[in-house]
Amino acid sequence: MSQSENHFTFEAEQDAEKLLIDTINSQELGITYSFGPSRAARQGKQLCEDYITFIHVGDQLSFVVCDGVGSSFGAAETAAFLAKRLASLLIQHAQEENASLFIQTQLNELKSEATEIIRKIKNPYQPHENKYLFFEDSRKDGGETKFFAGLLDFTLGTGHLFWLGDVQCALVQTQSQQIEILVDPDVGQEEGWSTAHGVFGNNLHQLTFKLNDYNRIIVASDGLKKFFKDIALGSFEIIEDLTHRAYEQGRDDISLIAVSLVPVPVAYTPILPEIPDRRQWVSRDKLAKPIVASALVISVLIFFLANFLSKKETGIGNDVITPSVTMLPLSSPDTTDILLPSAEPTVQYTPTLTWEAPTATISNPTAVPTTVTPTLSLPEIITGTVQPAATPTLVNTPTFEPTLWPGLSPCQYSNAPSSWVPYYVLPGDTFYRLGNRFNIDYNYLMRVNCYIRDTDLTAGDILLVPAEEITITLEPTIELPLINP
Amino acid sequence: MDYTVDATSDTPAYIIYLIDASGSMEAPMPGTSQRKIDVVSDMLVEIARIMFYRSKRGMTIGPRYRIAVYAYGAEVTPDTNDEFIPVSEFIERIPEFSSLNRAMTNTKGAFERALHLLEKKLPDMQNSPAPMICHLTDGEYSKEYGDPAPIARRIMSLRNPDGNVLIENIFLGDGLLVDPITSTTEWEGVKNEGQLSDNYAKFLYSISSKWPKPYTEKIKAAHGYNIASGTRMLFPAQDVDTVKMAFVASGVTGARGSSAYEE
């Protein structure tokens, strides 16, 4: 972005590896913008097919959000081309007597220029391949994009909005704080702009308004409509969270421009720098993390099992044994290592001690044990009484501090019960299967973890799940010395 | 189980095409000079093109569909080597059925191969749309091989979380309907056996699934066909337009908006 006093421009970078989110201010306004390339775009496999741009010159601001149609040819290039040209056209010509007609005319005239751009895009396949032919066929139909464009004139106190397709816009009324949503009534009947056809579908939609009537304008390419209210009321954290989600598998690019008019807002300071790019903590394309996670899970299980087995072998009960039979030293009061029952001499003590299989519950043994410090409370010397049928209990339940866990979104933390614990998604996991495993409705599990579709789940994701219980059955045998009084 | 899962690169639609390539498919398609089998080849190209458009983004083709093809006469030929292949590969391997010298029609064998493939792959399809079989024929199965109906019913009893496996039948021939299709866009589908005037069409009716409502809505939105939900997935096709409608319908599991990646 370039910026000088009262003059700045911003153009998105479609090959950006990371999302952008920022707020800038001038005397008249504040602009918060976010640009969340999809997963494929951030991995460099393709260009982001959204484009956002704004130009602030003197007392005018133009802004455009374009959402390229992925099934068309050169959607990314088409979106970038149209956004730049529209933003520039609006600044230069918005005061035309019939702005809508002017813009529509311009849109139709731009197609030859855009077609030249589309013509130059290289077909990566070989001419003898059907794929090559199919792409060439789609090239003839050109690139398509949907858009929302605006011009605000602070001298005249007027605003103009133009749109085609289902790019979404919300206007917040100054007086009532009510939100008006602008939609394209023709969506579903092929509405947009094409490098081959110019404006297609129905006519361009337009709204002219007084700036005093609205104090915030929000335009989003995709996926934010249901959050407009929160965003309009200033919850910019939602923008950040949702923009992050553009990285999730199968999601489209998500981008947004929110213009605040009156009053000029305090700049939003995104907490983004404190959150690493998702690629750094969820490398879904590599199985390394799931494998590491699996290894850690196995380590935890081995750790606990080893402890149990160790206790079994030493004859020490698990954690706390509450004896109920009085014992006495075998030979002298100083001897403490062999204990005998204080039975009457005439009573035959039964040396075979029968134990019921003790059971212990471990919370979530599949989680990574970075915050687990299992400690076992054991009496150093067993004195006092022994209950032949003792039931050992684990007194120290491992606990987790989910707030310390990197890589989980604020949305997950806010939704999930505090007792839930992190879980690395492994290849083959689905919400359906995890729901069965954790005995919970999979739709609920999905919602709590802020996923919209089951299909978005990918190996390497981190979920919050109910703590899983595992019952481990031990069959210890302890032989006491035979006493023949 | 409501047939609402969308096909994505991670949860592709699985479709098996069973194509009758017996000698009778050499005959001309009614109303054209083309052989029936050539019409079928053209339709496979058409459905490949539709899948391509739904799977492309930028200059890449996502694996939004996985397809298997079996051609059958006396023998069953696994054109995709008994595997589902992604649409980008299918585009390059569209079967052409160049030689037809098969005097017999082993319909049961074809369904058995499909059943075997589904049983093998169903565990991989748990997040995907319910798999679909699209079976095309122009005549009765050869009795020597046995009745395919029990196998077909067994296939229809298989399911993933999205729903039971669907079987669509396309029957090429004349005089199959009491009231012939006059407009493919207005035709609502086969609601009951009484609409059929051919005994083998009635047999195919009995091994055809019912159209789930989400699919008929997608067919309407994407292609303008007015097939009613609950009607049988059976296309008595006496012309190319009906064959085209049937093939387009077979790819409906991937239909969703203008981009494979939109929310």
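Below, chains carry the letters A, B, ... as their sequence lines are ordered, and counting in each starts from 1. Side-chain atoms are counted along with the backbone in the values below, which use heavy atoms only and exclude waters and symmetry mates. Bear in mind that the values here come from a model prediction, so they are computed numbers and not experimental data.
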Inset, instruction - Determine, stepwise, if the pair B/I91 / A/E129 fulfils side-chain contact (heavy atoms from CB on, under 4.5 Å). - result: CA-CA 9 Å; B/I91 287 170; A/E129 292 180 293; over 6 Å; no
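- Checking side-chain atoms of B/Y53 against main-chain N and O of A/S72 turns up no donor-acceptor pair under 3.5 Å.
- How far OG1 of B/T11 is from CG of A/L457: 11.5 Å, rounded to the nearest 0.5 Å.
- At a threshold of 4.5 Å between non-hydrogen side-chain atoms, the residues B/I61 and A/Y125 count as touching.
- Between the side chain of B/E92 and the backbone N or O of A/N130, at least one donor-acceptor pair lies under 3.5 Å.
- With a 6.0 Å radius and a threshold of 12 heavy atoms from other residues, nucleotides or ligands, B/K213 has its NZ atom at or below the threshold.
- Residues A/P124 and B/M59 come closest through the heavy atom pair CD-CE, 3.2 Å.
- In plain terms, the two heavy atoms of A/S138 and B/K56 that are nearest each other are OG-CE, 3.9 Å.
- Within a 6.0 Å sphere centred on NZ of B/K244, heavy atoms belonging to other residues, nucleotides or ligands number 12 at most.
- No more than 12 heavy atoms of other residues, nucleotides or ligands lie within 6.0 Å of CZ in B/R154, so this atom counts as exposed by the packing criterion.
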